[in-house]
2 protein chains.
Amino acid sequence: MTERSDRQNEIASVAARLFRQKGYAAVSMRDIAASMHIKAASLYNHITSKQDVLALVLMDLAASFTQGITTIDAADIAVSEKLSRIIKLHIDLTIQNPHAMASLNNDWMHLAPEALERFTEQRDFYEETLRRIIRSGIEERIIHPLNEDLIVFSLLSTLRTLYLWYGRKSNLSEQKLRVDLTAALLNGIVKNS
Amino acid sequence: MTERSDRQNEIASVAARLFRQKGYAAVSMRDIAASMHIKAASLYNHITSKQDVLALVLMDLAASFTQGITTIDAADIAVSEKLSRIIKLHIDLTIQNPHAMASLNNDWMHLAPEALERFTEQRDFYEETLRRIIRSGIEERIIHPLNEDLIVFSLLSTLRTLYLWYGRKSNLSEQKLRVDLTAALLNGIVKNS
DNA sequence: CTTTGAAACTAACAAGTGTTAGTCAATTAA
DNA sequence: TTAATTGACTAACACTTGTTAGTTTCAAAG
């Protein structure tokens with residue numbers, strides 16, 4: 001895996017936007033090319049296949065999540081602080097890559113077999129790490145003793161689909177988003193629990 | 001819109017499963033036909049187009065959500081009870097239509113224009129109704145005064161992606177799912193809030 | 001200048017797409 | 001028994017798909 005050229009990054013950026021709108025399968029190489037004002041064949045001077053474009057869109061972002069949660073998990077901090085930082089990680093990466101987040105959720109199954117395996121490995125690792133954090137929180141009596149898988153997926157469902165509505169509705173600042181989202185996810189929305 | 005035939009329901013059922021696996025655009029009419037052990041052309045004895053199949057998959061389920069939240073909202077019950085019932089509504093409909101739920105999230109933009117408009121109307125109505133419920137909860141001091149759009153989408157993100165993991169992980173009963181999910185969403189996961 | 005390299009282009013391909021037309025066998029209604 | 005309907009079939013259509021081959025343009029390096 002060599003360094004990515006500027007043009008490759010442009011392709012990945014344009015493709016991510018289109019993938020988000022219509023999904024990987026509904027976007028043609030001619031669509032991507034037209035958005036760059038070139039012809040489809042010209043794309044192949046920079047990439048080797050359509051699946052390669054998808055990998056360009058996904059794999060860096062997936063690696064950022066892997067690296068992010070690894071760092072957080074290794075830190076010597078309380079479980080609740082780890083969770084707060086994980087929420088912030090998702091917010092930061094979503095703001096930086098809103099379009100690619102859609103493909104991360106919906107298009108990853110169209111990766112070529114080798115890339116697909118690397119992707120699912122990272123995804124499994126991420127979920128497993130988060131589950132370990134949740135479990136230790138339950139053992140420390142810091143987290144309510146609910147089903148731990150349920151907690152993991154309840155958190156991830158919201159965090160992974162942040163891209164769907166950040167920026168669309170009442171444009172709250174990144175800071176208020178983080179504070180309110182952390183409160184909603186960790187402390188709940190109903191009073192006097 | 002006439003009554004749906006048995007064969008139409010079979011097509012919708014098979015298509016929903018395939019749409020979930022690969023997405024609408026990546027599923028061909030020949031794929032759907034092969035899953036039913038007939039030829040693609042034979043499908044057109046029962047449906048008029050591929051987009052029609054998608055409408056068959058989506059529109060009934062969308063109507064169920066609309067009807068469900070309308071009934072709940074009209075009931076003379078506390079806000080927290082409304083929220084509990086909305087959570088149950090999502091659980092019930094997800095268990096009954098796990099595959100179609102995926103298309104409801106990811107494939108609706110491929111509907112033909114008229115169906116698309118009806119769909120987005122219902123979706124907007126659903127979100128607006130939920131937001132009104134949340135807002136009245138905040139005004140009654142029952143719900144924490146967080147950003148109301150954030151609360152709506154935090155809840156819906158989890159509820160709409162239930163299909164992704166129900167049945168996959170530690171097979172908890174429908175009852176425990178409902179109880180724990182309600183607790184996690186409404187009361188939060190961290191103690192002593 | 002000349003050469004080289006990158007990056008665009010045109011043209012074309014084989015395969016797959018949704019869909020239509022026309023046919024035929026079997027079940028149902030008269 | 002006959003007529004009509006249903007629902008499968010084969011064959012084909014016009015179009016789009018990802019991709020390759022070969023060519024041209026043009027700026028940078030020698």
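Numbers restart at 1 for each chain; the letters A, B, ... are given by sequence-line order, proteins then strands.
The nearest whole Å value for the distance from the NZ atom in B:Lys39 to the C1' atom in C:dT17 is 17 Å. Spacing between atom OH of B:Tyr44 and atom C1' of C:dT19 amounts to 5 Å, rounded to whole angstrom units. In this entry the distance linking CE of A:Met29 with P of C:dA15 reads 20 Å, nearest Å. Rounding to whole angstrom units, CD1 of residue A:Ile47 and C1' of D:dT20 are separated by 12 Å. Distance CD1 (A:Ile11) to P (D:dG18): 14 Å, rounded to an integer number of Å. If you take CG of A:Leu43 and C1' of D:dT20, they are 14 Å apart, rounded to a whole angstrom. Rounded to an integer number of Å, the gap from A:Leu54 CG to D:dT17 C1' is 17 Å. Across the protein-nucleic acid pair, B:Ile38 atom CD1 and D:dG7 atom P stand 11 Å apart, rounded to whole Å.
In this structure, A:Tyr126 and A:Phe65 have perpendicular ring planes: the angle between them is above 60°, well past the 30° mark.
Regarding contacts with the backbone of D:dT17, a side-chain N or O of A:Ser28 is found under 4.0 angstrom from either OP1 or OP2. Taking 4.0 angstrom as the limit, A:Arg7 places a side-chain polar atom (N or O) nearer than this to OP1 or OP2 of C:dA8. Residue B:His46 places at least one side-chain N or O under 4.0 Å from the OP1 or OP2 atom of D:dA8. Taking side-chain N and O atoms only, B:Lys50 has no distance below 4.0 Å to OP1 or OP2 of C:dT17. For the pair B:Ser42 and D:dG7, the criterion of a side-chain N or O lying under 4.0 Å from OP1 or OP2 is not met.
Each of B:Asn45 and A:Ala40 was matched to the nucleotide of DNA chain C holding its nearest heavy atom; the match closer to the 5' end belongs to A:Ala40. Toward the 5' end of DNA chain D, the nearer of the two residues A:Asp31 and A:Thr48, judged by each one's closest nucleotide, is A:Asp31.
Using a 4.0 Å heavy-atom cutoff across all strands shown, A:Arg30 reaches at least one base atom of the nucleic acid. Counting non-hydrogen atoms under 4.0 angstrom, A:Val27 reaches the backbone sugars and phosphates but no base.
Looking at the side chain of A:Ala41, the nearest of the listed nucleotides C:dT10, C:dT19, D:dT10 is C:dT10.
A cation-pi arrangement, defined by a distance under 6.0 Å to the six-membered ring centre and an angle within 45 degrees of its axis, is present between B:Lys50 and B:Tyr24.
Ion pairing between A:Arg4 and A:Asp60 holds under the 4.0 Å rule for side-chain N and carboxylate O. A salt bridge links B:Arg85 with B:Glu81: the distance from a Lys NZ or Arg NE/NH1/NH2 to an Asp or Glu carboxylate oxygen falls below 4.0 Å.
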Run the side-chain donor-acceptor check on residues 66-75 of chain B: report pairs under 3.5 Å with partners two or more places apart or on a different chain.
{"unit_1": "B:Thr66", "atom_1": "OG1", "unit_2": "B:Ala62", "atom_2": "O", "d": "3.1"}
{"unit_1": "B:Thr66", "atom_1": "OG1", "unit_2": "B:Gln122", "atom_2": "OE1", "d": "2.7"}
{"unit_1": "B:Thr70", "atom_1": "OG1", "unit_2": "B:Thr66", "atom_2": "O", "d": "2.7"}
{"unit_1": "B:Thr71", "atom_1": "OG1", "unit_2": "B:Gln67", "atom_2": "O", "d": "3.0"}
{"unit_1": "B:Asp73", "atom_1": "OD1", "unit_2": "B:Lys82", "atom_2": "NZ", "d": "3.2"}
{"unit_1": "B:Asp73", "atom_1": "OD2", "unit_2": "B:Arg132", "atom_2": "NH2", "d": "2.6"}

